[in-house]
Amino acid sequence: MREAIGLSVENVMNQGGPFGAVIVKDGKVIATGVNRVTGNNDPTAHAEVMAIRAAAQKLNDYNLSGCTIYTSCEPCPMCLSAIYWARIDEIYFGNTKLDAKNIGFDDSFIYDEIEKPIEERKVKAHQILHNEALEGFKKWKNFEGKVEY
């Protein structure tokens, strides 16, 4: 955890957000990440996502079962989703989402939006070409060589 916190502090001095993450497997650090949203012009470059990307590359596996993530702050909805998709076993965090909100990183609106019916969300979503889109799903369902995840 101290390494994640240290990364968050150091990253501020490198024009990054105050967030750091460390992924551990079998007691060994396998990957780290820091917030590079502004540095990379990538809104998905949160510390947890960066650490997950690095861990998956290092382990040559998208499934990070058996891993633990230490993050300087409670994960936002995107990072929490990525942690679940990566199948990481445990999360340890330092700061809370309220702490983050207090310094201008407020993700409560996303939690609120997720709860709303799709037609009431701020970002308008429109379903189109449903039958055509189903073609990829049909192919996946029947493809014998698929790698399930």
Side-chain angles (χ1 to χ4, degrees), residues 1 4-5 7-25 30-57 59 61-149:
M1 180 53 112
I5 293 167
L7 288 168
S8 75
V9 172
E10 182 180 305
N11 200 48
V12 172
M13 298 299 142
N14 293 320
Q15 274 88 47
F19 303 96
V22 175
I23 295 179
V24 173
K25 185 170 187 172
I30 58 166
T32 64
V34 294
N35 180 289
R36 298 305 304 157
V37 170
T38 57
N40 293 2
N41 291 316
D42 178 355
T44 68
H46 290 200
E48 297 91 338
V49 171
M50 300 297 280
I52 288 168
R53 290 173 182 167
Q57 288 298 307
L59 296 176
D61 197 343
Y62 59 86
N63 185 333
L64 301 181
S65 294
C67 291
T68 299
I69 190 165
Y70 296 84
T71 179
S72 62
C73 187
E74 184 176 359
C76 75
M78 176 183 69
C79 293
L80 185 60
S81 296
I83 289 165
Y84 273 89
W85 278 113
R87 294 175 179 83
I88 292 173
D89 293 348
E90 288 185 279
I91 304 166
Y92 290 88
F93 63 91
N95 296 312
T96 67
K97 59 186 173 185
L98 180 58
D99 295 326
K101 178 180 180 176
N102 289 338
I103 63 161
F105 293 93
D106 185 5
D107 55 15
S108 61
F109 75 97
I110 298 172
Y111 288 102
D112 295 341
E113 285 289 300
I114 290 169
E115 293 296 319
K116 292 179 183 176
I118 199 166
E119 62 276 358
E120 292 179 21
R121 294 180 184 161
K122 183 177 178 180
V123 176
K124 299 302 175 201
H126 312 276
Q127 183 181 27
I128 61 172
L129 301 176
H130 182 230
N131 288 334
E132 290 180 40
L134 281 173
E135 188 60 32
F137 280 9
K138 289 176 188 174
K139 286 198 181 304
W140 173 260
K141 182 177 178 182
N142 297 316
F143 181 56
E144 291 184 19
K146 67 185 163 208
V147 176
E148 302 253 357
Y149 62 95

Where His46 and Cys76 come nearest, the two heavy atoms and their spacing: ND1-SG, 3.4 Å
Leu7 and Ser72, any side-chain heavy atoms less than 4.5 Å apart: no
NZ on Lys97 to SG on Cys73, rounded to 0.5 Å: 10.5 Å
Student check: side-chain heavy atoms of Thr44 and Arg53 closer than 4.5 Å: yes
Atom pair CZ/CD of Phe93 and Glu74 - distance to nearest 0.5 Å: 4.0 Å
Min side-chain heavy-atom separation Ile91-Glu48 under 4.5 Å: no
Nearest-0.5 Å distance that lies between atom CD1 in Ile110 and atom CD1 in Ile114: 7.0 Å
Between CG on residue Asp107 and SG on residue Cys79, distance to nearest 0.5 Å: 9.0 Å
Just list the side-chain donor-acceptor pairs under 3.5 Å for residues 136-149, sequence neighbours left out, or say none.
residue: Asn142; atom: ND2; partner: Lys138; partner atom: O; Å: 3.2
residue: Lys146; atom: NZ; partner: Trp140; partner atom: O; Å: 2.9
residue: Lys146; atom: NZ; partner: Lys141; partner atom: O; Å: 2.9

Asp112 side, atom CG; Lys122 side, atom NZ - distance, nearest 0.5 Å: 12.0 Å
Under the side chain to side chain contact (heavy atoms under 4.5 Å, CB included) test, residues paired with Pro43 that sit two or more places apart: none
Sequence neighbours left out, cut at 3.5 Å: what donor-acceptor pairs do the side chains of residues 8-23 make with other protein atoms?
residue: Ser8; atom: OG; partner: Ile5; partner atom: O; Å: 2.6
residue: Asn11; atom: OD1; partner: Arg36; partner atom: NH1; Å: 3.4
residue: Asn11; atom: ND2; partner: Gly17; partner atom: O; Å: 2.8
residue: Asn11; atom: ND2; partner: Asn35; partner atom: O; Å: 2.7
residue: Asn14; atom: ND2; partner: Glu10; partner atom: O; Å: 3.4

Name the atoms and distances for all side-chain donor-acceptor pairs under 3.5 Å in residues 125-132, with sequence neighbours left out.
none

Nearest non-hydrogen partners of Thr71 and Met1, listed with the distance: O-CE, 3.5 Å
For Thr96, side-chain hydrogen bond (donor to acceptor under 3.5 Å, both in side chains) partners two or more places apart: Asp99
For Arg121, side chain to side chain contact (heavy atoms under 4.5 Å, CB included) partners two or more places apart: Glu113, Lys116, Ile118
Neighbour count above 12 (heavy atom, 6.0 Å) for Lys124 NZ: yes
From CG (Leu98) to CG (Asp106), nearest 0.5 Å: 9.0 Å
Tyr111, OH atom: more than 12 neighbouring heavy atoms under 6.0 Å: yes
